[in-house]
Amino acid sequence: MNPPVLDALIIGAGFSGMYQLHCLRDRQGLSALVLEAGAGVGGTWYWNRYPGARCDSESHSYCYSFSQEMLQEWEWSERYPEQPEIMRYMNYVADKFDLKRDIRFNTRVIAAHWDAPANLWRVETEAGQSYAARYLITAVGCLSTANVPKFPGLESYEGRWVHTGEWPHEGVDFTGLRVGQIGTGSTGIQSIPVIAAQAASLTVFQRTANYSTPARNHPLSPEFQAWVKANYGEIVQTMRETRNGHWFRIKDRSIFDVTDEEREAAFEESWEKGGLQFRSEFGDITTNLEANSKAAEFIKRKIRETVKDPEKARLLSDIDHPYAAKRPPIDTGYFEAMNLDHVSLVDVKANPIVEITPKGVRTTAGEYELDMIVFATGFDAMTGPLLRLNITGRDGVALRDVWAAGPRSYLGLQVEGFPNMFTITGPGSPSVLTNMPVAIEQHVEFITTLIAHMRAEGVARIEPQAEAVADWLVKVNEASHETLLPQAASSWYLGANVPGKPRVFMPYAGGMAKYRGICEEVAAEGYKGFVLERETALT
Ligand code: N01
C-alpha cells in the first residue's frame with residue numbers, strides 16, 4: 001500500500017528538527033512529520049549522557065531565540081547547562097508547541113530515495129515502514145555518528161566498553177573500577193575529572209595534547225537572570241551579528257596593539273572569567289599565527305603551572321597545533337585531575353595503541369589492564385550522519401558517491417542531484433564553528449521561507465546549479481584559509497580523525513554573520529544559484 005504523501009519529512013528531533021517541524025506545521029500549515037531514532041527529543045543531548053556532559057556555550061545563549069515568550073519563561077540554573085537541564089529544556093519546548101504528536105520516536109531511517117516520476121522522496125525505516133514526502137529535510141546534526149576506532153581485538157575484550165556519544169541511559173558506575181579513557185577532545189576533557197572522582201584508577205590515553213581554558217561554571221544569580229531577561233533583545237542581536245554566534249563580541253584589536261604587560265593582564269583577566277571568550281580577547285588570535293602563538297604560550301604555561309608531575313605537564317603542554325585551530329575545549333578541573341595519584345597519562349602518539357586485548361589496551365610500550373574502556377573518540381563528523389541515511393538522488397546516484405572525494409553542496413543547504421532535499425547545518429555551512437542554535441535557526445528559517453516561496457510560485461522542484469556548487473566549494477576553502485583552522489592536522493573539521501575519510505575542510509569558516517548576509521542576498525535575488533522548476537515544466 002502506498003503511504004500517504006506528506007508535505008515534509010524531517011529526520012531528527014534535536015534543536016533543528018523540532019524547530020523545523022514548528023515552522024512548517026504551525027506557521028506554514030503544512031503536513032510534516034519527524035522521524036527520530038531515539039525514544040525522546042533532544043538530538044545530541046539525548047545520546048551524549050556521559051559524565052560531565054555540559055554545553056560549552058553559555059546557557060542564556062544556548063537556546064532558541066524565535067520566541068520571546070520562551071526567552072522570558074525559561075530559567076537556566078547554571079552558566080553552562082548540564083545535559084539533564086538541556087533535556088528538560090528540549091522537552092519544555094516540545095510540550096509548549098505540542099511537537100511530540102508529530103514525531104515518530106524509535107524510528108531509524110535506513111534509506112531515502114528520490115522518486116523522480118512522482119516528484120517525491122521515499123523513506124524507509126529500520127522497522128520496515130515507508131514514508132513519502134515532497135520535501136526531505138535532514139536534521140541529523142553534525143556530530144551524531146560515533147567514531148569507534150577499529151582497534152584489533154575489541155571483540156575479545158572481557159571488560160565493558162562504552163562510547164561517550166552512545167552513553168547508556170541508565171548511567172555507568174565506575175566505583176572500584178580500573179578505567180581507561182581513549183581521547184582528550186572536548187568530550188574527554190569534560191569526562192576525565194568526573195570519572196576520576198569515582199574510579200579506582202583512570203588511565204588516559206592521549207594522542208594529541210589539547211588546549212583548554214577553565215569554564216568557571218557557577219550557578220546563575222537572580223541578578224544575572226534578571227539582566228538577561230531585560231536585555232534579551234540586545235543579546236540575541238549580538239549573537240546574530242558575531243562571527244561565532246556567541247553573545248560576546250571578538251575584540252577589535254590586535255595582539256600587537258598592546259604592550260607585553262597589557263597582553264598578559266588581558267589574558268589573566270580572561271582566564272579568570274573563563275569560557276570560550278578567551279579566543280576573542282584579540283581579533284587576530286584565530287587568523288595570525290604569531291598572534292596565536294602568544295595565546296598558545298600563555299595556555300601552555302598555565303598547564304605547566306597546574307600540573308605538578310613534570311612528565312605529565314610536558315605531555316599535556318606539548319601541543320602540535322595553533323590554539324583554537326581545533327575546537328577549543330573548556331574544562332572544570334581537567335588539568336587538576338591529572339595531579340591525582342590514581343590518574344595516569346599514556347602517550348599514544350609516541351606509543352600507539354596496537355590492539356585491545358581480553359584484559360585491556362596494548363600500546364607499543366606495553367599492556368594496560370582495565371575493567372572498563374571509555375571511548376571519547378569523537379564522531380564521523382558532518383558527513384557521517386548524512387551518509388548513513390543511504391540517500392540516493394536523481395538517476396539513482398548515491399550521496400556517498402557524489403561525496404566520495406568530500407562533501408559538495410551549495411551553502412551547506414542543498415546538494416546537486418538531490419532535488420527538494422535540504423540539509424540543516426550541512427557541510428559547507430558555518431554550523432560547528434558557531435553556537436549551534438544560532439546556525440540552526442538561520443537554516444530552518446531559510447528553508448521555511450524557501451518552501452513557502454516555492455508553494456506560492458508553483459515551484460515543484462529545486463536543486464542547486466552545478467556552477468553554484470563549484471563556486472561555493474571554492475568559497476568554503478578560501479574562507480578556511482583566511483583562518484588558522486586548516487593548520488590542525490588531526491582536526492575532525494578536516495575529517496582527519498576517521499581513517500580513510502577525505503581530507504576536506506568541511507564547515508564554512510567565513511563567519512555566521514557573513515554567511516547570513518550571503519543567504520539573504522541569494523534569496524533576494526530570486527534564489528540565485530538554485531534551479532527552480534515550475535509544476536508545468538514537470539508534466
Ligand atoms: O571528539 P574529538 P569529542 N587512537 O574528535 C582521540 C563537540 N562537543 O567528542 O586529536 C587514539 O574532538 C582524538 O585524538 P586526535 C565539539 O564540537 C561539544 O571530544 O585525533 N586516540 C581526540 O583526542 C567537539 O569538538 C561539547 O589525535 C584517538 C579524541 O579521541 C566535538 O563535539 C562537548 C583515536 C576525540 O576528540 C567532538 O568532541 C563535547 C585513536 N584511534 C563535544 N581516535 C559541548 O559543548 C580518536 N582519538 C558540550
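These numbers come from a predicted model, not from an experiment. Keep in mind that the numbers below use all heavy atoms, side chains included, and drop hydrogens, waters and symmetry copies. One-based numbering, in listed order, for ligands and for the atoms of each.
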Shell of residues surrounding ligand 1, defined by a 4.0 angstrom heavy-atom cut-off that is strict: W45, Y50, R54, C55, D56, L143, P149, F151, I182, G183, T184, G185, S186, T187, Q190, R207, T208, K326, R327, A376, T377, G378, F379, S490, W492
Short side-chain to backbone donor-acceptor contact, D56 and G275, under 3.5 Å: no
Carboxylate-amine/guanidinium contact E336 K308, below 4.0 Å: no
Test item: E78 side-chain N/O and H218 main-chain N/O as donor-acceptor pair under 3.5 Å: no
For L316, the option from V204, T306, V307 that meets side chain to side chain contact (heavy atoms under 4.5 Å, CB included): V307
Side-chain donor-acceptor pairs under 3.5 Å in residues 83-91, sequence neighbours left out?
from : atom 1 : to   : atom 2 : distance (Å)
Q83  : NE2    : W45  : O      : 2.8
E85  : OE1    : S77  : OG     : 3.0
E85  : OE2    : S77  : N      : 2.9
E85  : OE2    : S77  : OG     : 3.2
Y89  : OH     : Y64  : N      : 2.9
N91  : OD1    : K100 : NZ     : 2.7
N91  : ND2    : M87  : O      : 2.9

Polar side-chain atom of S61 near backbone of H246 as donor-acceptor pair, under 3.5 Å: no
